[in-house]
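First comes the structure, then the notes that go with it.
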Amino acid sequence: MTVPQTQNQPPIVFNIKRQDKPDSMPYWQTFSVPYRPNMNVTSVLQYISAYPQTAEGEKTAPINYDVACLEEVCGSCTMLINGVARQACSALIDQMRGEKGAEATITIEPMSKFPVVRDLIVDRTRMFENLKRIKGWIPVDGYYNLGAGPKIEPRKQDSLYALSRCMTCGCCLEACPQFTLENAFVGAQIFSQVRYFNMHPTGKVDADERMEVMMGDGGITDCGNAQNCVKVCPKEIPLTESIGWIGRKATVYAVKEFLVK
Amino acid sequence: MAQKRVIVVGGGLAGLSAAMKLAEDGIPVDLFSLVPVKRSHSVCAQGGINACNEVARQQGYSEWEHFEETVLGGDFLANQPPVYEMAKMAPDVINLLDRMGVPFNRTAEGFRDLRLFGGSLYKRTHFAGATTGQQLLYALDEQCRRWEAAGLITKYEFWDFLSPVLSDNGVCSGIVAQDLRTMQIRAFRGDAVIIASGGNGLIFGQSTMSVICSGSAAARCYTAGARLGNPEFMQVHPTAIPGEDKCRLMSESARGEGGRIWVPKKKGDARHANDIPEGERDYFLERIYPKYKNIVPRDIATREIFYICEQGYGVGNGQMVYLDLTEKATGIKYEVLKKKLGGILEIYEKFVGVDPLHEPMKIYPAVHYAMGGLWVDFAKDGRPVEQGGGGMEKGNPRNQMTNIPGLYAAGEADFQYHGANRLGANSLLSCIFTGLFMGPSVKKYLSDVQKGSAADVNAFVYETRLKDQQKKYETLLKASGDQNPYLIHRELGKSMSDNCTIIRVNKRMKVTLALIDELKNRYQTRLGMPDGSTWTNQTLTFARATGDMLLLSEAITKAAIARDESRGAHFKVPDDKADRHDIPLDERAFQRDDANWLKTTLVTYKDQRAELSYEPVDTSLVKPRPRTYGKTAAVK
Ligand SMILES: Cc1cc2nc3c(=O)[nH]c(=O)nc-3n(C[C@H](O)[C@H](O)[C@H](O)COP(=O)(O)OP(=O)(O)OC[C@H]3O[C@@H](n4cnc5c(N)ncnc54)[C@H](O)[C@@H]3O)c2cc1C
Ligand code: SF4
Ligand code: SF4
Ligand code: FES
């Protein structure tokens, strides 16, 4: 809910962690931005781009950050806002002020589980590479017209739809205690995507290969079930269910493999 | 001989469908995008995608009707054969998407569900909740990932396309692009280049588009000699949440599913919307258009909203109207709408803080879609319609080719399918259709042996273009004037929005044109680069795009000033009637003028200026007729 709007609100004070290059030291800068109703963190960053100077009046470079849709659907703008991984475009200043008070400083940092490129930009290639590893696609027989797809009952469509909204934003990985910069853990995003593709009548064809990845290094056995992931997913994807689903399938798959060998 | 390759610039629906179709044919593709393709603007599309379907067919609808509606919706400015071809292929496109796993909404029995959309009386819009674009984009992204894993598609994400490379005989033979992380600039050879770079809403400051939609790629082809077609036609969508950073769209599906637009009958009525009784509400679209009601085409709804606000009936700050989805107004149960419109309801709730199923939304029109774009060719299938002709000739290399040989365009970046106004849910279709349909055309072009191959083009050609871009980059990097590029853009956006959107008046657009000249001058002589870094410098990328936006704005404004008529989204009022609020809009404006203006605007970049010329529209299939949508009541 938006807080009542008063025009003479104090300026918004932003504490932003910056970094010039992947291998350089991070540093902090403070910015003071005039308040306007209905601002979000992105509009504050836009303001800084147009008036690039710190609260102390020192000229500085505009802040670099990933952004595209501005409506929390492309997944670009994930960053740590007051310590929590979320999208800058849907982080409303009024809401944060409602919770913390108008004078509170807002801290902005890049995500910590991905390598920093510059300022708030991180490298999320790993998420996309993992999608490749799990064969994240429906293996159709080419792009000629071969008639309609399989008939799908509405309940199943509901479940598929819920899973297919994952925007590869990285919040779930940032929040996960098992996922680190160094290890190979795939994390909840991938568990959920495997479930998505393995549930689909045509996607099923590659189910075993996906399960191989799930059983391998960085797979389902590394999940500590802390459920931090589901709490931060902005698309409310049922990640706990997905993890449970993969866990059950993994058991079945292991038994099957054992019997075959 | 070296294997021929295709370069695709843009990884939205159009670029991805072109890439996967070519890959299927064994043609290697280099795919460039400013952002990971999965984050392309297409992800924002909400409402759905049109195609004739079995239910509608049995009610009397057909591909022909879909074609007709599209042409009528576009006020007869679109060349008809390409539109007809698109309508014919639409059902196949849906089937393919269905097979690729798009979770389309389902009926109880498991068939694909349908909804009503603007400009049609039949349900012919397929949808996946209210996030259809996201679901379609992901399905195509997945297919391209498959080809990437197979080695046929190579992605260059976080790369900025800087210019096409033309060989000495004017054939497009590659591109120059910049890695937005390392800032390294490179030239790439390609035997054909497809520009699928989307729209240019950013020119108008705030729009419903993603902030990366600057039109820069199209502009860079324009300055290299590619013509623009109908750039003056910009769609202003009737229903968006006004915002400072962006106007967030409230999809037409809200009205397609029963949402109603209204204002209080009493000016300045201070009561809460929910407290205003039915009898004291003016559902003005239903009153004026009893047949189509709330789903009249967008340009019409937009102008009626503008007019009712101009008359003083607006709510909030006077610049908004209600879009009502509450059960009281629609008679539809909460849960039903929640399920069908969840995605957009969330956006409203998240950004405004109100549940739109409990309280009417407050909305206003916003810039939304570029009907114009890079001019592209087509080859007509000369057989009569009855024998399967009338559309485009499949596999002809001219289809979707710009006036530069080997340079193609597709999706929102081309000008071909929507005439003077696009119908809702036809864009996702035109993007995927063009991407798929051009595959065989590009393949045919590549197989033309006489043309030779990019591998044989002299390296000097690439080096020259590379050096040009390197120089431009270094000049921008060192710019030390007092003009911040973001502020230049703001000034441009404000003037374009104020003067070149819903109502156009020459005297006002001339002010904008003069401002554009001044801004161009400031950009060239006084630009200041607040960031001198040679690593991941977004300010530089933005500054470069700002230069491109100035050029496109000039083309848009000049073409709009020249076109002395009203057609679709282009609605012009003569100078002397600009402020006559007492006269109804329709009577104030120029009428459509087929005798003089049923023609496509072509804009060529010449001597650093936009030069206008015209070509006839192919109206070989249906005769232009007035576009009334059963309007009845005189506007009050
Ligand atoms: C909010 C919203 C809702 C919509 N809803 C619907 C709907 O329900 N139905 C419908 O039919 N239409 C809808 N539309 C319209 C439709 O979404 C777009 O027209 C369509 O998605 C455009 O797709 P595209 O592939 O042409 O371009 P985009 O999806 O915009 O992709 C452009 C690509 O080009 C790349 N690019 C751009 N410039 C450069 C450059 N210089 N260098 C390298 N790469 C570059 C980008 O990175 C991106 O990958 C909607 C539009 C909006 C704004
Ligand atoms: S349940 Fe815990 S360990 Fe497993 S993915 Fe989620 S946050 Fe990580
Ligand atoms: S599962 Fe949720 S949090 Fe994780 S990447 Fe997908 S959308 Fe983001
Ligand atoms: S900009 Fe797309 S999620 Fe924030």
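Letters A, B, ... are given to chains in the order of the sequence lines, protein chains preceding strands, and every chain is numbered from 1. All of these numbers come straight from a predicted model, not from anything done at the bench.
- Interface remark: A:Pro139 contributes backbone and side-chain atoms alike to the contact with chain B (heavy atom separation under 4.5 Å).
- Counting heavy-atom pairs closer than 4.5 Å to chain A, the top residue among B:Lys339, B:Met209, B:Met20 is B:Met20.
- Both the backbone and the side chain of A:Phe128 come within contact range of chain B, each with at least one heavy atom under 4.5 Å from a heavy atom of that chain.
- Of the residues considered (B:Gly439, B:Gly342, B:Gly343, B:Cys44), B:Cys44 shows the highest number of contacts with chain A, using heavy-atom pairs under 4.5 Å.
- Only the backbone of A:Ile63 has a heavy atom closer than 4.5 Å to any heavy atom of chain B.
- For the atom pair A:Ile48 CD1 and A:Phe31 CZ, the distance stands at 5.0 Å (nearest 0.5 Å).
- With salt bridges taken as basic N to acidic carboxylate O contacts below 4.0 Å, one links B:Asp531 and A:Arg118.
- For chain A, no part of B:Met89 is nearby; none of its heavy atoms comes within less than 4.5 Å.
- Of the residues considered (B:Thr131, B:Ile212, B:Val35), B:Thr131 shows the highest number of contacts with chain A, using heavy-atom pairs under 4.5 Å.
- Contact tally against chain B (heavy-atom pairs below 4.5 Å) for A:Glu72, A:Glu71, A:Lys156: the top residue is A:Glu71.
- Note on A:Arg36 versus B:Glu244: salt bridge recorded, some NZ/NE/NH1/NH2 to OD/OE distance being below 4.0 Å.
- Of the N and O atoms on the side chains of B:Glu142 and B:Tyr138, not one donor lies less than 3.5 Å from an acceptor on the other residue.
- For the pair B:Phe351 and A:Ser90, the minimum side-chain heavy-atom distance is below 4.5 Å.
- Considering only heavy-atom pairs separated by less than 4.5 Å from chain B, the leading option among A:Thr125, A:Asp20, A:Asn40, A:Asp141 is A:Asn40.
- A salt bridge is defined here as a Lys NZ or Arg NE, NH1 or NH2 lying under 4.0 Å from an Asp or Glu carboxylate O, and A:Glu209 with A:Lys135 meets this definition.
- Interface residue B:Thr107: only backbone heavy atoms are found under 4.5 Å from chain A.
- Both the backbone and the side chain of B:Asp92 have a heavy atom closer than 4.5 Å to some heavy atom of chain A.
- A:Tyr144 carries B:Lys21 over the face of its six-membered ring, with the cationic atom under 6.0 Å from the centre and within 45° of the normal.
- Proximity to chain A (any heavy atom under 4.5 Å) is shown, for B:Asp141, by neither the backbone nor the side chain.
- Neither the backbone nor the side chain of B:Gln483 comes within contact range of chain A; no heavy atoms are under 4.5 Å apart.
- For chain A, the nearby part of B:Leu249 is the backbone; its heavy atoms alone come within less than 4.5 Å.
- Between chain B and the options A:Pro201, A:Gly203, A:Ala148, A:Cys166, heavy-atom pairs under 4.5 Å are most frequent for A:Ala148.
- Cation-pi geometry between A:Lys151 and B:Phe111 is met: under 6.0 angstrom from the ring centre, within 45 degrees of the axis.
- Residue contact with chain A, scored on non-hydrogen atoms closer than 4.5 Å, involves the side chain of B:Glu346 exclusively.
- Contact annotation for A:Met167: both backbone and side-chain heavy atoms come within less than 4.5 Å of a heavy atom of chain B.
- Figure legend: A:Lys17 and A:Tyr27 shown without cation-pi pairing, the cationic atom not lying both under 6.0 angstrom from the six-membered ring centre and within 45 degrees of its axis.
- Of the listed residues (A:Asp123, A:Thr60, A:Thr42), the greatest number of heavy-atom pairs within a distance under 4.5 Å of chain B belongs to A:Asp123.
- For A:Arg126 and A:Glu129, the salt-bridge test fails: no basic side-chain N is under 4.0 Å from an acidic carboxylate O.
- Both the backbone and the side chain of A:Arg165 come within less than 4.5 Å of a heavy atom of chain B.
- Between B:Arg39 and A:Asp66 there is no salt bridge, since no side-chain nitrogen of the basic residue lies less than 4.0 Å from a carboxylate oxygen of the acidic one.
- The pair A:Glu241-A:Arg195 meets the salt-bridge criterion, since a charged nitrogen lies less than 4.0 angstrom from a carboxylate oxygen.
- Of all the listed residues (B:Lys246, B:Glu24, B:Arg146), the one sharing the greatest number of non-hydrogen pairs under 4.5 Å with chain A is B:Arg146.
- With a 4.5 angstrom heavy-atom cutoff, B:Pro91 does not touch chain A via any of its atoms.
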B:Phe127 and B:Phe104: CA distance, side-chain angles, deciding distance, ring-ring contact (aromatic ring centres under 6.0 Å, His included) verdict
CA-CA 5 Å; B:Phe127 63 103; B:Phe104 284 117; 8.5 Å; no
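- Partner A:Asp119 forms a side chain to side chain donor-acceptor pair (under 3.5 Å) with one of A:Arg18, A:Gln29, A:Gln19 and no other, that one being A:Arg18.
- Annotation: maximal heavy-atom pairing with chain B below 4.5 Å, among A:Val140, A:Ile121, A:Thr202, occurs at A:Val140.
- By number of non-hydrogen pairs under 4.5 angstrom with chain B, the leading residue of A:Ser43, A:Pro62, A:Ser49 is A:Ser49.
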